[in-house]
Chemist: 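Quick one: the structure is below, and I'll ask about it shortly.
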Amino acid sequence: ETLGVVGESGCGKTTCGRTVLGLYDRTDGEVLYRGKDVHKLKGEERKQFTKHAQIIFQDPYASLDPKMKVQDIIAEGIRAHGLAKSEKEIKERVNELLVTVGLDAQYGERYIHEFSGGQRQRIGIARALAVEPEFIVCDEPISALDVSIQAQIVNLLDKLQEEKGLTYMFIAHDLSMVKYISDRVMVMYLGKVVEITAADRLYEQPAHPYTQALLSAIPIPDPHVEAKKERIKMGGEIPSPVDPPKGCRFQNRCKYATERCREEEPALRLIGEDHYVACHLEDE
């Protein structure tokens, strides 16, 4: 499955993804993987978890060591987890991974500065795949790339998922791309999940006012349809995530806000088949 995670900058998407992997400490709650709390794992159990769960970082320029050859960048995880018996086997595995992500096997001898942004992101994907993970957090893996390259990377992720049975947490700003790649979509606002459901249902029947506003902003590639489309505009300013307002965090930007919204924070609850929303409007 691919779970798409969307929301404005600063809403907590990356923080959520990194907390899931244990890269950030949690402040509350649990992160369960195969029934075990990720943040309580130690020693060999922790090491095994890092093999099963990987991340593709947003910036391919900053997430790859410029002093290391591509061969060594990709081989690092293979060596750490003892997944090959010899250096020859490691090299063969790295060459295989480079070909898998659409690069020439001979690129292993080069350094990162010799590649384009799209090629670097493919190297980042190869590094994540090197330890044969089951779950990958894709932290805005296409936002730093040109539009034509974005489609190539998303299609590559789609192909790898089908071949290797991977599960993705796909964090992005581009709602159209999220719909294309995701099975379910989770919408975040100011550190909270406000809606989560199947991708098709979310785009056809958005329940939360914030989701409705986000979807109304997606441009339609037909000028006649686009001109007639109703655009939902959000008023007000985004509150400080450090000092969020009492009650619903979206209240000062929502045209439906009531006194209850200003006093009581809505809980995320089921309103239909696998459709959860945090909004008091659903009670009315």
Side-chain angles (χ1 to χ4, degrees), residues 2-7 9-10 12-24 50-51 53-81 90-91 93-133 135-161 163-164 166-178 180-182:
T2 297
L3 172 68
V5 183
V6 298
S9 293
K13 302 185 298 296
T14 294
T15 300
C16 179
R18 294 190 179 195
T19 305
V20 162
L21 294 178
L23 298 177
Y24 288 170
T50 62
K51 178 182 180 298
Q54 285 287 306
I55 184 169
I56 299 167
F57 292 98
Q58 177 179 357
D59 187 354
Y61 296 88
S63 61
L64 301 169
D65 192 334
K67 295 178 182 178
M68 294 173 68
K69 287 185 177 181
V70 168
Q71 173 87 22
D72 295 320
I73 289 172
I74 297 173
E76 204 166 14
I78 299 173
R79 291 193 178 102
H81 290 280
I90 289 173
K91 188 166 185 177
R93 175 74 178 134
V94 170
N95 290 346
E96 182 186 318
L97 284 162
L98 285 169
V99 172
T100 298
V101 297
L103 296 174
D104 197 303
Q106 67 182 17
Y107 287 176
E109 295 301 318
R110 298 186 185 181
Y111 291 91
I112 290 303
H113 71 270
E114 300 178 64
F115 297 95
S116 68
Q119 288 174 322
R120 292 181 198 192
Q121 198 58 287
R122 288 173 186 267
I123 292 166
I125 294 169
R127 177 176 62 179
L129 292 174
V131 293
E132 300 170 3
F135 170 66
I136 300 178
V137 172
C138 305
D139 184 12
E140 299 195 41
I142 58 174
S143 63
L145 307 175
D146 292 340
V147 175
S148 58
I149 307 300
Q150 288 182 3
Q152 292 176 21
I153 297 299
V154 167
N155 287 333
L156 172 62
L157 289 170
D158 214 19
K159 174 173 168 278
L160 291 170
Q161 182 177 47
E163 290 175 356
K164 300 179 181 296
L166 297 167
T167 296
Y168 294 142
M169 180 177 181
F170 190 86
I171 298 167
H173 279 104
D174 188 333
L175 291 162
S176 300
M177 195 65 82
V178 168
Y180 173 73
I181 198 171
S182 301

Chemist: Write down the atom of Val5, the atom of Lys13, and the distance for their closest heavy-atom approach.
Modeler: O-CD, 3.7 Å
Chemist: Report, one line per pair, each donor and acceptor closer than 3.5 Å where one atom sits in a side chain of residues 103-113; sequence neighbours left out.
Modeler:
unit_1: Asp104; atom_1: OD1; unit_2: Gln106; atom_2: N; d: 3.0
unit_1: Glu109; atom_1: OE1; unit_2: Lys69; atom_2: NZ; d: 3.2

Chemist: May I ask you to test the Tyr168-Ser182 pair for a side-chain heavy-atom distance under 4.5 Å?
Modeler: no
Chemist: Is there a side-chain contact between Ile55 and Met169, using heavy atoms and a 4.5 Å cut-off?
Modeler: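 SC-SC contact between Ile55 and Met169 ruled out.
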Chemist: Are the side chains of Phe135 and Leu21 in touch, meaning some heavy atoms are under 4.5 Å apart?
Modeler: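 Answer yes - side chains close enough.
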Chemist: Are the side chains of Arg120 and Ser63 in touch, meaning some heavy atoms are under 4.5 Å apart?
Modeler: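 No; the side chains remain at least 4.5 Å from each other.
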Chemist: Taking all atoms of both residues into account, what is the closest heavy-atom pair of Asn95 and Gln71, and its distance?
Modeler: OD1-OE1, 4.1 Å
Chemist: Search all heavy atoms of Pro60 against all heavy atoms of Gly117 and return the closest pair with its distance.
Modeler: CG-O, 3.9 Å
Chemist: Just how far is it from atom OG of Ser143 to atom CE of Met177, taken to the nearest 0.5 Å?
Modeler: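 Interatomic distance, Ser143 OG to Met177 CE, rounded to 0.5 Å: 11.0 Å.
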Chemist: Show me the pairs that pass side chain to side chain donor-acceptor pair (under 3.5 Å) and involve residues 146-161, at least two apart or across chains.
Modeler: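 Listed once each, the pairs are Thr2-Gln161, Arg122-Gln152, Asn155-Tyr180, Lys159-Glu163.
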Chemist: What pairs with Glu76 under salt bridge (charged side-chain N to carboxylate O under 4.0 Å, His left out), at least two apart in sequence or on another chain?
Modeler: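 Counting only residues at least two positions away or on another chain, Glu76 forms no salt bridge (charged side-chain N to carboxylate O under 4.0 Å, His left out).
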Chemist: Using side-chain heavy atoms (C-beta onward) and a distance below 4.5 Å, is Val70 in contact with Glu114?
Modeler: no
Chemist: Identify the residue among Leu156, Thr100, Ile136 that makes a side-chain contact (heavy atoms from CB on, under 4.5 Å) with Ile125.
Modeler: Leu156
Chemist: Could you pull out the closest heavy-atom pair between Pro133 and Gln54, with the gap in Å?
Modeler: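 Minimum heavy-atom separation between Pro133 and Gln54: CB-CG, 3.9 Å.
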Chemist: Of the non-hydrogen atoms in Ala128 and Ile56, which two are nearest, and what is the gap between them?
Modeler: CB-CG1, 4.0 Å
Chemist: Indicate the atoms forming the closest heavy-atom contact of Leu166 with Leu160, along with that distance.
Modeler: CD1-O, 3.9 Å
Chemist: Check step by step if side chain to side chain contact (heavy atoms under 4.5 Å, CB included) holds for Ile171 and Gln58.
Modeler: CA-CA 9 Å; Ile171 298 167; Gln58 177 179 357; over 6 Å; no
Chemist: Are the side chains of Phe115 and Gln121 in touch, meaning some heavy atoms are under 4.5 Å apart?
Modeler: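 No; the side chains remain at least 4.5 Å from each other.
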Chemist: Does Ile149 form a side chain to side chain contact (heavy atoms under 4.5 Å, CB included) with Gln119? I'd like the steps, not just the answer.
Modeler: CA-CA 9 Å; Ile149 307 300; Gln119 288 174 322; over 6 Å; no
Chemist: Hey, what do you get for CD1 (Ile142) to CD1 (Ile181), rounding to the nearest 0.5 Å?
Modeler: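 Going from CD1 on Ile142 over to CD1 on Ile181, the span is 7.5 Å.
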Chemist: Evaluate the side-chain proximity of Ile78 to Val94: yes if any heavy-atom separation is below 4.5 Å, no if none is.
Modeler: yes
Chemist: Please check if atom NZ in Lys91 has more than 12 non-hydrogen atoms from other residues, nucleotides or ligands closer than 6.0 Å.
Modeler: no
